[in-house]
Structure formats: C-alpha cells, structure tokens
Amino acid sequence: MAGDYDFVVLGGGSGGVRAARIASQHGARTAIVEEFRLGGTCVIRGCVPKKLYVYASRFADDFRDSAGFGWSFENARFDWPSLVAAKEKEISRLSAAYRANLEKAGVDIFETRGTFAGRGEIALGDGRRLRARHALVATGGRPHAGLDVPGIDLAIDSNRVFDLPKFPARLLVVGGGYIAVEFASLFARLGAEVALAFRADLPLRGFDADLRKAVADALARAGVALRAGVLPKAIRRDGDALAVALSDGSEKRFDQVLCAMGRAPNTAGLGLEGLGVALKANGAVAVDRYSATNVAGVHGVGDVTDRINLTPVAIREGHALADTLFGGKPTAVDHDHVPSAVFTTPELGTVGLSEEAARARFCVVDIHKADFRPMRATLSGSGDRTLMKLVVDGETDRVLGAHAFGDGAGEMAQLLAIPLRMGATKADFDATMALHPTAAEEFVTMRGPPARHLRAS
Ligand code: NDP
C-alpha cells in the first residue's frame with residue numbers, strides 16, 4: 001500500500017485539481033492521480049491553447065482592418081511552428097503552476113493511471129495501491145469519432161489539431177458544435193482554405209437561432225465553405241492529400257480532416273462497474289446535486305458526469321464537493337445561468353434561455369434585438385455585424401436570456417450572468433446608464449416595442 005488517504009482524486013484536470021487542493025486545505029490527507037499532464041483538457045488541449053490560437057488568428061482581421069485607419073503592412077506572414085512552440089511553452093508553464101499549487105496545498109501527486117481495485121482501493125499503473133476513504137472520479141472526457149465511415153481513422157480530433165507538424169492549408173472540419181466552428185473560424189484566419197460540414201441546417205444547435213445565423217454568416221464572410229446537411233461518406237489517402245467523398249456526391253481533397261462531433265466521458269476501464277457505480281447511457285458517472293454517486297465514498301465532478309461540460313462548472317463542482325466532504329459545508333452547485341462563449345471571430349456570448357427555449361416554456365415572451373454595424377467597421381470597411389438580443393418574460397418583465405454576437409461578446413456574457421442570476425427585469429436594464437461609445441450599451445438602450453410572442457396553448 002503506497003498510502004492511506006481521506007481523499008483520492010482520479011484526474012488532474014480543472015475539477016480534480018480544485019477538489020484536491022481545497023480538500024487538502026480543509027485538512028484531508030489527499031492524493032491526486034493523473035496519467036497524462038496536470039491541467040487536463042482545458043489547459044493542455046482545450047480552452048487555453050484554443051484561445052491562444054484564436055488570438056493568433058485575429059491579427060489577420062486587425063492587419064486587414066488597420067488599412068482603413070491609415071496603417072499599411074507589407075510582408076505580414078504567419079508561421080505555424082512558431083505558434084505551436086509558443087503555445088507549448090505557455091501550457092507547460094500552466095501545468096507546472098498546477099503542480100506547484102497542489103504541492104503547496106500538501107497534495108501527493110501520482111503520475112500514473114489509477115483505477116478502482118475495490119471499494120476504497122485505487123490501483124496505480126505502477127502496481128502500487130492507495131486506500132481512499134473518499135474517491136473522486138474527475139477523469140473528464142475525450143473526443144469521439146462520431147462517424148463510422150471508411151477511412152475515418154485518417155481524420156484527426158481536437159487533441160491532435162494543436163500540434164500538427166505542418167499547417168493544414170486545406171482543412172475539412174466535420175461537426176457543427178463549439179469545437180468545429182471555433183477551429184473553422186481560426187484556421188480560415190490563419191490562411192487555410194476551410195470547409196465546414198455538418199448535418200443540421202445551421203451550426204450550433206441549441207443556441208439562439210438568430211445567433212446561429214449570425215455565426216454562419218460570419219464564417220461565410222471569413223471564407224469558410226459551409227456545407228450544411230453534408231457529411232463525409234469515405235476518406236482515403238491520395239498522395240499527400242486526403243480525398244473525401246461527401247454525402248452530396250462530390251469528392252474534395254484536403255490536407256487534414258478534423259472531426260469535432262462531441263465528446264465522450266472517460267469512464268471505460270476505471271473499474272466503476274465492478275463497484276456498482278451507476279452510469280448514464282453514454283457512460284457518464286451519474287451523480288446527485290452534491291456530486292455523490294449511488295456508491296458511498298465515490299463521487300464525480302466535471303465532464304465525466306456530463307452535466308454542463310465547461311471548465312468553470314467543473315471547478316465549481318470540485319470546490320463544492322471538497323467543502324461538502326471536508327469543510328463541514330454541504331454545497332450543491334447551481335447549474336442555472338451558466339454563461340458560455342463560442343470563440344469564433346466575432347465571438348458569441350450567451351447566458352440564459354434562447355428565444356426558442358423561452359417560447360416553449362413561457363406564455364408571453366418579448367424579444368428585443370439590436371443588429372448594427374460596429375463602429376470599428378465604419379472605417380475598416382469590414383462587413384462585420386453585431387447582434388444583441390434580450391429574451392424577456394412578458395408577464396413578469398424578468399430577463400430570461402441575453403445573447404450577443406460581436407467583439408467582446410464573451411466578456412459581456414460573463415457580466416450579464418450577474419443580473420440574470422439576480423432576477424433583473426427589462427426595466428432594470430432600461431434604468432441602467434449607458435456607457436458610450438461601447439457595443440454593450442445596446443443592452444440598456446433597447447427602447448423600441450418588443451416582438452411579442454404568445455404561446456399557442
Ligand atoms: P458539441 O456537442 O458542441 O457538438 C457536436 C457536434 O457534432 C454537433 O454539431 C452535432 O450535430 C455533431 N454530431 C454529433 N454526432 C453526430 C453524428 N452522428 N452525425 C453528424 N453530426 C454529429 O461537441 P464539440 O465536439 O464541438 O465540443 C464538445 C464539448 O466541449 C462542448 O459541448 C462543450 O461542452 C465543450 N467546449 C466548450 C467550448 C467553449 O466553451 N467555448 C469550446 C470547445 C468545447 P447536431 O448539432 O446536429 O447534433
């Protein structure tokens with residue numbers, strides 16, 4: 001036995017690291033087991049490197065737009081290996097910071113795979129065993145292939161796209177979710193010829209329809225070829241390229257095919273079935289509001305539980321669990337009013353209900369919208385538009401949803417989450433002084449009569 005612990009965490013990502021650190025600070029003897037690199041998906045192959053690549057891509061717009069403001073540039077060129085190397089340096093720094101914080105908090109770190117050998121017993125990849133009074137499954141998720149077509153193994157997923165040795169000059173992105181649209185947007189700006197194939201009529205199913213349309217229009221303006229209702233039927237190697245037969249009967253050549261068709265929870269081979277831990281149909285760990293499974297002493301947080309698969313949610317769940325188990329403060333996480341952003345360019349920021357969701361649930365729904373040319377576009381001449389939208393309960397005046405598509409929309413969504421959570425009404429928005437000249441001021445100056453929708457039944 002390598003150790004006897006109050007708390008053993010499987011998975012060193014956002015949720016697991018936070019839970020371990022707080023538990024240890026509460027006085028629990030804590031260990032964390034991670035088989036890859038500390039930091040998890042967000043830091044190593046998700047949010048952080050993605051946002052760095054989004055920043056890289058936006059210089060293309062800045063260089064182009066600057067001409068309208070009197071600047072001129074010659075020979076601006078982008079070097080992919082430099083970006084990959086700079087990204088690697090930054091995520092290594094962050095991973096080291098995660099380690100330092102865990103060590104500072106007194107958490108023991110085991111860098112190997114951990115699986116359940118029995119109730120309260122974790123088997124390590126190197127043959128050692130840990131005893132755990134409480135164990136936390138925080139093993140996250142991984143991309144799943146999504147399509148079962150010949151040659152799909154030639155495609156890459158979002159784990160591999162960050163470190164491609166060669167820039168993909170012709171890229172097919174398959175899928176219409178967060179990852180697909182973000183990578184389509186950024187690679188187009190970095191100079192790739194990008195096609196985006198997805199099965200629906202618009203990308204980003206589940207988001208407000210007006211914003212989905214705005215994202216599709218912006219992708220098209222950036223030169224992305226949108227192939228709605230089209231998916232690959234077969235992929236084969238053809239010399240240096242990949243020849244992709246598409247469901248519309250065409251065949252096209254690409255340097256890489258990126259499949260971004262959702263993620264699956266990492267529960268296979270952990271020994272959870274042997275313990276009797278209940279799993280959802282997709283393999284996710286089923287937990288209650290306090291992140292407890294049906295088996296005493298076994299808990300789950302983050303993407304592996306497939307509640308809301310976002311980093312801040314995993315962090316909050318991990319923190320709440322540590323407070324519940326070791327801080328004498330039982331804490332359930334509130335999964336309402338979780339803001340999110342899609343980092344296309346411009347970006348989308350959202351909190352609360354879409355118009356479609358509100359109209360399905362509320363009898364009277366008022367829609368306020370502002371659709372305008374952002375100030376920067378007046379001199380740059382770009383075709384960019386900004387869209388803002390408030391979804392209001394027509395009976396109580398409470399704002400149910402706030403959505404933005406434009407520069408800084410992610411930052412706006414973060415702040416809009418506060419009034420929405422507090423139950424702000426449209427009258428509260430109207431009473432708030434504008435800050436001029438900003439785009440966000442539109443949220444407090446939507447004065448015209450709303451479009452009112454009454455539920456049929
Ligand atoms: P999403 O769940 O967002 O999107 C999956 C996409 O794949 C959808 O367009 C879906 O189509 C499509 N799809 C799934 N199965 C099939 C199929 N069999 N045939 C055709 N199309 C299919 O997954 P992502 O991979 O983009 O991202 C995974 C998760 O990562 C997100 O849900 C999010 O939680 C997180 N994430 C968050 C980010 C952020 O906050 N900015 C950024 C990146 C990831 P359809 O819509 O028709 O169902």
Side-chain angles (χ1 to χ4, degrees), residues 13-15 40-55 57 140-149 152 155-162 172-187 196-209 211-212 215-216 219 226-233 246-248 257-266 281-282 284 301-317 335 338-351 354 356 404-405 409-411 413-414 417:
S14 303
T41 299
C42 170
V43 171
I44 308 295
R45 51 206 163 187
C47 325
V48 172
K50 182 275 309 288
K51 189 90 187 265
L52 294 173
Y53 284 18
V54 167
Y55 282 131
S57 74
R142 62 180 189 290
H144 66 65
L147 284 181
D148 184 18
V149 298
I152 192 68
I156 57 168
D157 60 29
S158 58
N159 287 347
R160 287 182 54 199
V161 72
F162 290 109
L172 172 64
V173 181
V174 186
Y178 282 87
I179 295 178
V181 297
E182 289 179 343
F183 279 100
S185 170
L186 79 87
F187 272 107
L196 178 66
F198 50 99
R199 64 180 169 187
D201 54 341
L202 285 171
L204 295 175
R205 190 197 298 274
F207 286 80
D208 188 277
L211 277 95
R212 295 173 69 190
V215 169
L219 287 169
L226 296 176
R227 312 300 302 273
V230 174
L231 289 173
K233 276 176 64 185
L246 293 161
S247 56
D248 62 0
V257 176
L258 168 64
C259 265
M261 305 182 74
R263 294 171 59 86
N266 272 330
N282 67 350
V301 299
D303 287 10
V304 78
T305 63
D306 195 27
R307 285 176 279 180
I308 297 179
N309 298 334
L310 296 172
T311 298
V313 178
I315 291 172
R316 199 49 87 82
E317 290 167 353
H335 288 91
V338 174
S340 77
V342 181
F343 292 102
T344 47
T345 301
E347 64 198 36
L348 179 163
T350 178
V351 56
S354 65
E356 297 72 32
F405 178 71
E411 309 290 336
Q414 174 65 87

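Numbering of ligands and ligand atoms starts at 1, following listing order. Since the model is a prediction, treat every value here as computed from it, not as a measurement. In what follows, residues are counted from 1 in the order of the sequence shown.
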For ligand 1, which atoms, with element, lie under 4.0 Å from some heavy atom of [X]?
X: Leu310; value: 37 (C), 40 (O)
X: Ala341; value: 39 (C), 40 (O), 41 (N)
X: Gly176; value: 6 (C), 8 (C), 9 (O)

Would you say that [X] contacts [Y] through its side chain, given a criterion of any heavy-atom pair below 4.5 Å between the two side chains?
X: Leu147; Y: Leu231; result: yes
X: Cys259; Y: Asp157; result: no
X: Asp208; Y: Thr350; result: no
X: Val342; Y: Phe405; result: no

Does only the side chain of Leu231 get under 4.0 Å from ligand 1, or the backbone, or both, or neither? Count heavy atoms.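 Side chain only.
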For atom 44 (C) of ligand 1, tell me which residue out of Leu202, Asn309, Ile179, Val181 has the closest non-hydrogen atom.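 The nearest heavy atom belongs to Ile179.
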Tell me the nearest of Arg263, Arg199, Glu347, Lys50 to atom 48 (O) of ligand 1, using heavy-atom distances.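 Residue with the shortest heavy-atom distance to the ligand atom: Arg199.
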Backbone or side chain, does any N or O of [X] fall under 3.5 Å from an N or O of ligand 1?
X: Gly177; value: yes
X: Gly262; value: yes
X: Glu182; value: yes

Tell me, which protein residue and heavy-atom name are nearest [atom], and how many Å apart are they?
atom: atom 38 (C) of ligand 1; value: Tyr178 CD2, 3.2 Å
atom: atom 7 (O) of ligand 1; value: Met261 CA, 3.2 Å
atom: atom 45 (P) of ligand 1; value: Arg205 NE, 3.2 Å

Checking side chain to side chain donor-acceptor pair (under 3.5 Å) against Arg142, which of Asp303, Asn266, Thr41, Asn159 comes through?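 So the option named by the test is Asn266.
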What are the two closest non-hydrogen atoms of Ala341 and Gly410, and how far apart are they?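 That closest heavy-atom pairing would be CB-CA, 3.8 Å.
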Rounded to the nearest 0.5 Å, how far apart are CZ of Arg263 and CG of Asp306?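 CG of Asp306 is found 11.0 Å from CZ of Arg263.
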State whether the number of non-hydrogen atoms from other residues, nucleotides or ligands found under 6.0 Å of Arg316 atom CZ is greater than 12.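 Incorrect, the count does not exceed 12.
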Tell me if the centroids of the rings in Tyr178 and Phe207 come within less than 6.0 Å of each other.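 Yes, they do, as the ring centres are separated by less than 6.0 Å.
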Min heavy-atom dist Ala260 to ligand 1 below 4.0 Å: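 Yes.
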